[in-house]
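Quick note on labels: first sequence line is chain A, next is B, and so on, each numbered from 1. Just so it is clear, the model here is predicted, and its values are computed rather than measured.
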Amino acid sequence: SQKIEQNSEALNIQEGKTATLTCNYTNYSPAYLQWYRQDPGRGPVFLLLIRENEKEKRKERLKVTFDTTLKQSLFHITASQPADSATYLCALGRSSYKLIFGSGTRLLVRP
Amino acid sequence: DAGVTQSPTHLIKTRGQQVTLRCSPKSGHDTVSWYQQALGQGPQFIFQYYEEEERQRGNFPDRFSGHQFPNYSSELNVNALLLGDSALYLCASSLSGQVGELFFGEGSRLTVL
């Protein structure tokens, strides 16, 4: 069955540095990939979507890459701030129906 | 413009009981999806409703059922609750046929004792 792996260990970085989160998947061929942010006790909030024919997408301080050969996406937050501290979820989809989510990576940005 | 609203926010039930969770989608959206999120895990797809019909279902038993009303709001029902049903239940709304972001509510935290 399909599997999505995100680093289960928290990522701890200094304010101002670039945070890089990884999403690897197996046994699946997504048409697109999404990244969400989730704060404790809250619902996920959409950040970016990248399609299978796109290599890179940017939005303000965020950048996502998508390598369908490696079956991997990298999510970068540049000039990170303490307010960026949250759990980041990777999600894969093939249609407008269901998304398959990873278990998320917790990011902690130290001031 | 109200986003996705869910109720109740928290509830406690005992094993064997039944629960109903409610969701109002974002204005203009016609599709509602339900997800279950256990502690420390990512959301898992339960099912999706469009035009009052269940359009797709994830790997959940028949104890999980749903309904969508003509105003696009939705309910999730879980019968014969098990301890393992304790989770955050998330409702997400979207526009049919469009691949894009899901708008999530804040969730209903269910604890089964």
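Taking both residues in full, the closest heavy atoms of A:L89 and B:P43 are given as CD1-CD, 4.0 Å, listed atom of the first, atom of the second, then distance.
No more than 12 heavy atoms of other residues, nucleotides or ligands lie within 6.0 Å of CG in B:N59, so this atom counts as exposed by the packing criterion. Residue-environment remark: CG (B:L39) stays at or below the threshold of 12 foreign heavy atoms within 6.0 Å. By the neighbour-count criterion of 12 heavy atoms within 6.0 Å, atom CD of A:Q14 is densely surrounded, having more than that number from other residues, nucleotides or ligands. When the shell of 6.0 Å around CZ of B:R15 is examined, it contains 12 or fewer heavy atoms from other residues, nucleotides or ligands. Within a 6.0 Å sphere centred on OH of B:Y72, other residues, nucleotides and ligands contribute 12 heavy atoms or fewer.
Ranked by heavy-atom pairs under 4.5 Å with chain A, the first of B:A38, B:G97, B:S33 is B:G97. When each of A:R106, A:R51, A:Q34, A:R42 is scored by its heavy-atom pairs under 4.5 Å with chain B, the top score falls to A:R42. Residue with the most contacts toward chain A among B:Q98, B:R57, B:Q56, B:Q41: B:Q56 (heavy-atom pairs, distance under 4.5 Å). Interface summary for chain A: among B:Q6, B:R109, B:Q44, B:Q37, the most heavy-atom pairs under 4.5 angstrom belong to B:Q37.
Side-chain rings of A:Y36 and B:F104 approach one another, their centers coming within less than 6.0 Å.
In this structure, the portion of A:Q38 lying under 4.5 Å from any heavy atom of chain B is its side chain and not its backbone. Looking at B:Q48, only its side chain comes within 4.5 Å of chain A, counting heavy atoms on both sides. If you measure heavy-atom distances from A:Y97 to chain B, the contacts under 4.5 Å come from both the backbone and the side chain.
B:L90 places a side-chain heavy atom less than 4.5 Å from the side chain of A:P44. Within the 4.5 Å cutoff, no side-chain heavy atoms of B:F45 are placed close to those of A:I100.
Taken together through direct or relayed side-chain contacts under 4.5 Å among Ile, Leu, Val, Met, Phe, Trp and Tyr, A:L107 and A:L62 form part of one hydrophobic cluster. Transitive grouping of hydrophobic side chains (ILVMFWY, heavy atoms separated by less than 4.5 Å) brings B:Y89 and B:V19 into a common cluster. A continuous path of Ile, Leu, Val, Met, Phe, Trp and Tyr side chains, each step under 4.5 Å between heavy atoms, connects B:I46 with B:Y49, placing both in one hydrophobic cluster. Both A:W35 and A:I77 are part of a single hydrophobic cluster, where members link through side-chain heavy atoms under 4.5 Å apart.
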Would B:Y35 and A:L99 count as a side-chain contact (heavy atoms from CB on, under 4.5 Å) here? Give the steps.
CA-CA 10 Å; B:Y35 287 80; A:L99 284 178; 3.5 Å; yes
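Judged by distance alone, the side chain of B:E106 and the main-chain N or O of A:G43 form a donor-acceptor pair under 3.5 Å.
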